[in-house]
Amino acid sequence: METENRPQDFLRQLVAADIAAGKHGGRVQTRFPPEPNGFLHIGHAKAICLDFGIAEEFGGTCYLRFDDTNPEKEEVRYVEAIKEDVRWLGFDWEDRLAHASDYFEQLHDYAVHLIEAGKAYVDSLSAAEIRAYRGTFTKPGLESPYRDRSIPENLELFAAMRRGEFEEGEHVLRARIDMASPNMNLRDPTLYRIRKVPHQRTGDAWCIYPMYDFAHTLSDELEGTTHSFCTLEFEDHRPLYEWFLDNLPVRNRPKQTEFSRFNLMFTIMSKRKLARLVDEGHVDGWDDPRMPTLSGMRRRGYPAAAIREFVGRIGVTKKDNLIELGALETCVRENLNASAPRRFGVLRPLKVVIENYPEDGEEWLTAANHPNRPEMGSRRVPFTREIYIERDDFMENPPRKFRRLRPGGEVRLRYAYIVKCEEVIKDASGDVVELRCSYDPLTRSGMEQAQRKVKGTVHWVSARHALRREVRLYDRLFSTPNPDQGPGGFLAHLNPDSLESVDAALEPSLAEASPGERYQFERSGYFTPDPFLHSAGRTVFLRTITLSDSWAKIERQAMREAAASK
RNA sequence: UGGGGUGUAGCCAAGCGGUAAGGCAACGGGUUUUGAUCCCGUGAUUCGCAGGUUCGAAUCCUGCCACCCCAGCCA
């Protein structure tokens, strides 16, 4: 199902051309460089699949490199979570695990080299002053009064910075490029700042930390990266990337190429905003099944292969884009449809008593684990006089197209008998609480009479044998296609009904279900045991995704037409 | 506003001067003991717009328009 004859995207064309031209001696080396300041989300999956995928396809290698240059925001728990997510997605960095912090000493030496070449200087302007001196898009910047410090003075000051002799903010190291450049990134960008904060890996070994552009470019270089893929917002950083390579005694010459991120309808993908959802308690954590994080999707039961397939389908270009959620969901359904064993689960049980079935009767009927894959075998489900069916499968006054149970109507109980609704029992407030039915004993699945045409088929669970379990039903976290854009900010678009919990009645074989397994509850959706809430006495099932539902579509259409004609 | 990018169907996306792939969605139809799955069929006289070059332009040239990114001691 994955990657069959897809046209080559421009990145792969570029790599193929580079190999053909003999660049880097035909070597391909990439890297996936996350900052460990949060969890990976579905957007990162694209970068991971590209970085690791392209390397693999062209016989190259890919590093997992943590871009850990800002100790204030980074934590070990994030690096552990990121490793787990990359592995889960199906990629292996083997011995190619790196951190920008591994290179701190060498990066420092590169900085000294720039100072010695007169291409970097210690600036003692405050952050606010630096901002003011930078100018605007239309006005060139002003040169700092410290820009022409002597090389020995710069060297001494930088050394003192490293020794911790200054407070945060007192000085920074800047590249000496061009304060009048139309590219803001070239107006003497900051290379190092003082941060007296322990680093998650290097502890208090350093109190000066390199900035992204400097650290990232030279980490690529030191590691031997040949192809450095990143997203579009770094496009105008490329001249700076090249400036570093041009002005330092480098051994390697990596090349940066940019592609566009993707946006997904009904979701947000900014780490900062996802962190807010977590911090403000709108969700249960980074791995809440409603989150677009890889850990959230994993917990919810999304197969890694489905995510890889999705990434392959959306392609890679430099265009801004907003992908329909359905594109992702289709991949999940395709994967699960092919692989998930079928089971019966009644989410909102309605009791049905089959009046002409013996009180103490009990039959174990055979049900296929997969209707299109006989090799997956079958299981037995108990049938008794009292069963549950889905509340939605009965309507007292159904519309014409309704194919399920109605008063006086017949329906087939899947793998069992044809039953007829004889009586509807309601409570004091008029709600249907029970159905009294009769069954036709000659219509058991497999019997000749079972061939009889019946309007519909519904799933069911024997009341006496039913496993009562909590099932969590998820819906999209946001109710608008582009929550980032609407008025009131993204929080105003949170879907209040994104989580619903029901007390479901499940067929007894599900007692053995364990985390990591995925089932289709027939006519309903795909479900998986929550790995975090699983114990000897408890299984909570999470709905990964619903089945596609053309009946719901018809209903929605009817509602719209009714509303329009009023 | 200076710089950097991008415009092909509802959403993605091939195309690389020789006459508009494919996927998703949508809509029809068929099979079906899951309103699932599966199968079959239906969309661009036109590629942001306007000119030009050419026998021939989505592809080349010129101008215009729209949208995105950049003024962290974040990445």
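Residue numbers begin at 1 in each chain, while the letters A, B, ... track the order of the sequences. What you see below is based on every heavy atom in this structure, not just the backbone, and it leaves out hydrogens, waters and symmetry mates.
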Which part of the nucleic acid, if any, lies within reach of [X] when heavy atoms closer than 4.0 Å are counted: base, sugar-phosphate only, or nothing?
X: A/I130; result: base
X: A/Q13; result: base
X: A/T190; result: sugar-phosphate
X: A/H237; result: base
X: A/A327; result: sugar-phosphate

Measure the acute angle between the ring planes of A/W206 and A/H108, then classify it against the limits of 30° and 60° as parallel, tilted or perpendicular.
tilted

Mate of B/rG10 across any strand shown (Watson-Crick or G-U wobble, both atom pairs under 3.5 Å) is B/rC24

In whole angstrom, what separates A/R523's CZ from B/rU37's P?
14 Å

Starting at NZ of A/K319 and ending at P of B/rC12, how long is that distance when rounded to a whole Å?
8 Å

Residue pair A/T138/A/S550 against RNA chain B: nearer the 5' end by closest nucleotide is A/T138

On a plain distance test, is the side chain of A/R404 in donor-acceptor contact with the base of B/rG35 below 3.5 Å?
yes

Given the C1' atoms of B/rG52 and B/rG41, what is the spacing between them in whole Å?
42 Å

